[in-house]
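What follows is one structure encoded as structure tokens, with my remarks underneath.
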Amino acid sequence: MLLEITQITQHFGGLCALAGVSFGVESGSVHGLIGPNGAGKTTLINILSGITPATSGTLRFDDRRIDTFPAHKIASLGIARTFQNIRLFPALTCLENVIAGQHLIAERPLLPRLLCLPGAIRQEAVYKQQSLDILVRVGLADRADFSAQHLSYGERRRLEIARALASCPRLLLLDEPVAGMRRQEMLSVAELIHTLSQEGMTILLIEHNMAFVMELCSQITVLNFGSVITTGTPAEVGRHPEVIEAYLGKSDQDA
Amino acid sequence: MQKNKQMMWMGIAVLMSLTLLLTVSTEFAAAAGKEAKIGLAFSMTGAAAGYGSTQKNGVQLAVDEINAAAGADGLKLIPIFDDDASTPQQGVNVFNKFINADKVSLIIGPTLSNTAQVSNRIAQQAGVPVLGISNTAKGITEIGDFIFRNSLTEMVVIPNTVKVAKEKLKISKVAVLYGNDDAFTKAGYEAFKIALQGAGITIINEQTFAKGDRDFSPQLTQIKSQNPDAIVVSALVEEASGIVSQARKLDIPKSVPIIGGNGFNSPGLMKNAGDAAEGVIVGAAWNTSSSSSLNRKFVEAYNNKYGSLPDQFAAQAYAGVYIAYQALSKAPSPDNHKAIRDALAQIKGMNTVLGNFSFTDGRDADYIPVVQIVKDGKFAIFGE
Amino acid sequence: MVHLTYFFAVYGSLINFIGINVLLALSLYVTLSAGQLSLGNAAFAGIGGYTAGILTTQFGVPYLLSLLAGALMAAIVGFLLGMPVLRLRGVFLAMATLSFGEVVRIAAINLKITGGAEGLLGMPAYTKTWFIYLVIAVVGYFLSRLRYSRAGWSFESIREDETAASAMGINTIYYKTLAFTIGAFIAGLAGAMYAHLNYIITPGEFGFSAAVNLLIYCIVGGSRVWYGPVFGAALLTALPEILRGIGVTAGPIRMFVNGLILLIVILFLPNGLISLFQRRRKVAVSVLAGAGIGDN
Amino acid sequence: MNLFLQQLVNGLFIGSVYGLFAVGYTLVFGVLDILNLAHPAVFTLGGLTALWLVETAGLTIFQAFPIAVLIAGLLGLLLDRVAFAPLRHRADTYFSGLISSIAMAIMFESVALGVFGAHTVRFPANTVTPTIWRFAGITVTSLQVEIVLVAFLLMVGLTQFLKHSRTGKAIRAVAENERMARLLGIHVDRIIAFTFFISSALGGAAGILFGLYFDAMSPDMGRSIELKGLAVIVLGGMGSIPGAIAGGLAFGLSEVLTVAITGTSNLRDAVAFAVLFAILLLRPSGILGRSRMREA
């Protein structure tokens, strides 16, 4: 297991958002996290990435306890994420967004820069090329010099993925990566996720589009009212009676 | 490096346009035969705006009188007013402009001592005489031999006030209230402290306030609880009137007089404190109620022109222009700063609204201060 | 040539003040570039100014050393202040730094060593015009190179979205404190230089209105690029002279124009007057050229 | 003579003036998350306008008070229209709003300076004729009692208005969640404009009461209360009306108690700002506010 989630509980005031959630994410897998609105999926992602600390429970990443770590430290272990409500750097260009995302891998020391050493300039060119390559991967190469706030909705989601990839993470947390996308766009993101997985990256994704999840994920965890209903392969999950029940009530929205 | 080039051009463009604007802005006015330009740096905005405006009034009145009396052949004054914005920075800019662009014969101002500390050095270096009319801090005239002032410092005014008050009122213990974030009020406090100690009067309580404060009741309550014989206050008129009126509202009896310095010497005290001002004792550099014809004429003319009574700032400004004019008339030419300076230094026993005026060897004002008391809404000589 | 001499005679001190204000604006720029709204930079300038002034007048410390000491003192205080207050966001940070500034000002009024309300007197006029502009050039160069360094990108990310920045692995507390400390250092340096320009410094010069003025310089010029605050500070410091040039002399009107410029800029030019000089689409491209990437 | 009790009365009095001033301040913050730094300028203009009505137009204070309050309210509408509404949909609205309110404050103050002059002025002595009451060694004037009463009437009135009236509920809805309020069919822009009207009217009322008691009004009188008002709303928890009232009283009391306990007033403002600073760090939600830290 690359990531082990054990008895994670989260209270907001009197509200219990997560009640003892436990499951594991296997190295190299594409793991889906599904459930109706308000099931606690995003809350869990926020805990995993250290944005909000859990009330109780433990997280292990690569056999290391990370539940007390601040967000930046978790990120430095190789966990990158995107946000459901898209948090890009709106005033920066696409390329700059990705370059900023290289924080963990790029040195960019100040002193050589101050002295304009050729090594620093060469290194910059390498980083820039890497960022451009990532933009190519998400299909935004022609948007490199556009500022992020002028992108379409789907483009912004893809740019956020690109920024997350810039740090070369081992585990990628995607919060509704294809929400609001057109079909063609969605397919290209699915392909990207598939390729990343084949390259060895582990991916945990939240998505409402069932076809997308069923097609892409090797493992799926279903959350409802802050608890895990089941974890299993798409086929197992699809047969689970409680899952069917949970989804039938809301099928008009979530199908 | 495309960006750098772009920036460089931009920088050059900005600098050039600034330069242009600034140069265009300074016209060279050709000096006519018998005219002398005087620069007047007063605070029109900022913390001291209230004083600057009456100073300007006082100057304008004097200039109008002088120019009317000069006739066709006499020396005329061209006043150039500018705003020092109550800050040293702006004061220095104004002085530089006066000295180098306007080429004034003499500068009157600036309003605040803090500004004078900085700006007067510029004038001293350039050898242009400065006449301060409201600077009372230590060390202003020590800046150099071109720096004069006609304002009596608290060090001169206050010992006299304390002496007279002690004689007439038989006070032995007092409370002191002063503004501790202002050079003028702080200097007043120091002067009071020395004078009180010298006169054998005990200070039983010291309280402070800050510029802009309006509520003095906590301090006054504290003072009241100690039953002093008198309350000694070093404040400018804004705060002075508030202190006086709140003291009476807090029921500190009129038998406990309030004693103030130069800052109190303004009709604003009676206007803003109303009845409460009755009996306040004010040691000052200008005798408001002086019956000298010069003074009566000034008060009347000022009142006619501006519809309000002059305060000490206006009187000092008015006197300042006459003092400057006397020196300018004696100098061979309005460009001869050295001669103007020498003429200023020689002024002795000149009759002004402030009294019989002389400069000391240290270029400070030398005349007799007064101790006044507020009676029926007016200043009267204390003890008469 | 005569014309130029004349120009410097009239505007020499204005040019010095522009320089000092430019440096102060740059100090706030650093803090703003990491998205932190500080109203404490005037107080840092005060700390630098008083430290340097006391050192030269009372301990005979050489000028350059006193500048360094003033700047370092401000940076240390900035660092110590930054650690606790930078957890606060937006206006809360502004208010915490503001109350810090007030405490500094009141301390300067009440302490013996700072000369109280009368101010600290007697600093020799060591600060020369060329030196001010040399320092500006160095600081400007430093900031322009800082922008695309690791710290610079971190500042930028934090300003744009602090949560996203931390999820990207940026230690936001560290970088915010760094920006705050660098800002305090520059402010302290400017204050120390200012102290040796004018013979006197007084507590009132480093109060709330000074802090707000710095903010106005940055906003009017534009706080997204380092030369924005430079332009803003230069323009607004020279504004009284410019207005005088076009015949506006009355005090209140100058004040009104000041406010009006600020209002117009914030309403119509959110990136400051400097954005008038920048061509829209070019921004993105030239930014990368500045990073030294476009050269290959 | 009961020194301590008298000081408590002093603190209660000045505290209620602070409270009334701060209520309007905090109301706008509660609804928009924007710090309206033009509030002190409205405070000043309210007081000066009432004075003009009494002195020049010859009205009694009872006629002048409502008219001046109305005018102050209209200034609030102007503020909203010019300085805030155009920025409402900008991402950094709290920041740009802060700046544009500074711009408006500068312009308002310059107008006050231009129209009313720089002098310190007061209401004519016979505007109100207070009697002095003495009991148990304490001195209170009828004017003080009246001011406290008016201040509390206005504050309680506002609280009840927000709690029970339709518009008041709409204001709270907008404060809670603007988008939701819009969905519920509330005219959000109109509600915000109305909020500014109320806020500024209260600020103007505070200015008049302040001027009536302290007999010293000037174009910059808002400045001395500006920072204290900020301290008060932080103390009370930003955006909380009861908090602002309690904060005003607490701040007023802390001022007089510092004097009463230390026996000197040197530290009065320093203590007040140090307390503000500490509260921001230890309990940024204020003494009464919600425990959640607002992301401004």
Side-chain angles (χ1 to χ4, degrees), chain A residues 46 49-51 70-83 86-97 99-116 118 120-125 127-129 144-148 160 163-164 166-167 169 173, chain C residues 33 35 87 138-176 178 182 222-225 270-271 275 278-296:
Chain A
N46 282 344
S49 56
I51 303 286
H72 66 90
K73 203 152 180 208
I74 290 181
S76 71
L77 297 173
I79 301 181
R81 70 167 289 180
T82 66
F83 293 84
I86 310 183
R87 306 188 75 139
L88 286 167
F89 303 146
L92 303 188
T93 66
C94 290
L95 186 57
E96 288 173 326
N97 264 278
I99 290 176
Q102 290 173 319
H103 179 79
L104 287 168
I105 60 153
E107 290 282 335
R108 300 198 182 98
L110 183 60
L111 193 61
R113 282 188 51 77
L114 281 178
L115 303 172
C116 290
I121 292 165
R122 266 199 308 276
Q123 193 59 47
E124 276 307 320
Y127 290 140
K128 184 196 168 193
Q129 193 53 51
D145 286 342
F146 280 53
S147 74
E160 213 188 6
R163 188 181 65 188
S167 64
L173 311 173
Chain C
S33 77
R87 291 182 296 123
V138 171
V139 169
Y141 178 74
F142 172 79
L143 293 180
S144 71
R145 301 308 288 173
L146 180 74
R147 167 65 184 82
Y148 298 100
S149 72
R150 187 177 161 87
W153 280 113
S154 304
F155 294 168
E156 198 81 2
S157 305
I158 292 169
R159 171 168 72 180
E160 290 286 305
D161 191 322
E162 198 170 327
T163 305
S166 67
M168 264 167 34
I170 293 172
N171 185 345
T172 52
I173 300 274
Y174 171 82
Y175 283 106
K176 285 198 288 184
L178 182 66
I182 295 177
S223 62
R224 287 214 161 256
V225 281
N271 288 331
S275 59
Q278 297 169 316
R279 276 158 293 177
R280 284 282 156 216
R281 203 57 271 147
K282 272 283 183 201
V283 176
V285 180
S286 54
V287 151
L288 291 165
I293 305 171
D295 300 42
N296 51 322

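Scope of the values below: all heavy atoms of this structure, side chains included, with no hydrogens, waters or symmetry mates. Note on naming: letters A, B, ... go to the chains in the order of the sequence lines (proteins, then strands), and numbering restarts at 1 for each one.
Heavy-atom neighbours of C:Tyr141 OH from other residues, nucleotides or ligands within 6.0 Å: above the threshold of 12.
For C:Phe142, the parts lying near chain A are the backbone and the side chain together; criterion is any non-hydrogen pair under 4.5 Å. For C:Tyr175, the part lying under 4.5 angstrom from a heavy atom of chain A is the side chain only. Contact annotation for A:Ala91: both backbone and side-chain heavy atoms come within less than 4.5 Å of a heavy atom of chain C. The part of C:Arg224 that comes within reach of chain A is its side chain, from C-beta onward, which places non-hydrogen atoms under 4.5 angstrom from that chain. Contact annotation for C:Ala151: neither backbone nor side-chain heavy atoms come within less than 4.5 Å of a heavy atom of chain A.
Interatomic distance, CZ of A:Arg87 versus OG1 of C:Thr163, reported as 4.0 Å (0.5 Å rounding). Atom CG of A:Leu111 sits about 11.5 Å away from atom CZ of C:Arg145, to the nearest 0.5 Å. Note that CG of A:Leu88 is 9.5 Å distant from CD of C:Glu160, once rounded to the nearest 0.5 Å. Rounding to the nearest 0.5 Å gives a distance of 10.0 Å between CH2 of C:Trp153 and CZ of A:Phe89. Between the OG atom of C:Ser166 and the CD1 atom of A:Ile74 there is a distance of 9.5 Å, given to the nearest 0.5 Å. In this structure, A:Ser76 OG and C:Ile170 CD1 are separated by 12.0 Å, a value rounded to the nearest 0.5 Å.
Side-chain atoms of A:His103 and C:Ser154 form a donor-acceptor pair, as typed in the model, at a separation below 3.5 Å.
Annotation: maximal heavy-atom pairing with chain C below 4.5 Å, among A:Gly50, A:Pro90, A:Pro109, occurs at A:Pro90. Most heavy-atom pairs under 4.5 Å with chain C, from the set A:Ala80, A:Pro112, A:Cys116: that is A:Cys116. Put simply, of A:Arg163, A:Gln129, A:Lys73, the one with the most heavy-atom pairs under 4.5 Å next to chain C is A:Arg163.
For the pair A:Ala100 and C:Ser157, the tightest heavy-atom approach, listed with the atom from each and the gap, is CB-OG, 3.5 Å. When all heavy atoms of C:Tyr148 and A:Arg113 are compared, the closest pair comes out as CB-NH2, 3.5 Å. Contact between A:Ile51 and C:Ala167 at its shortest, heavy atoms only, is CD1-CB, 4.1 Å.
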I'd like to know whether A:Leu92 forms a side-chain contact (heavy atoms from CB on, under 4.5 Å) with C:Glu156, so could you lay out the CA-CA distance, the side-chain angles of the two residues, the decisive distance to 0.1 Å, and finally the verdict.
CA-CA 9 Å; A:Leu92 303 188; C:Glu156 198 81 2; 3.4 Å; yes

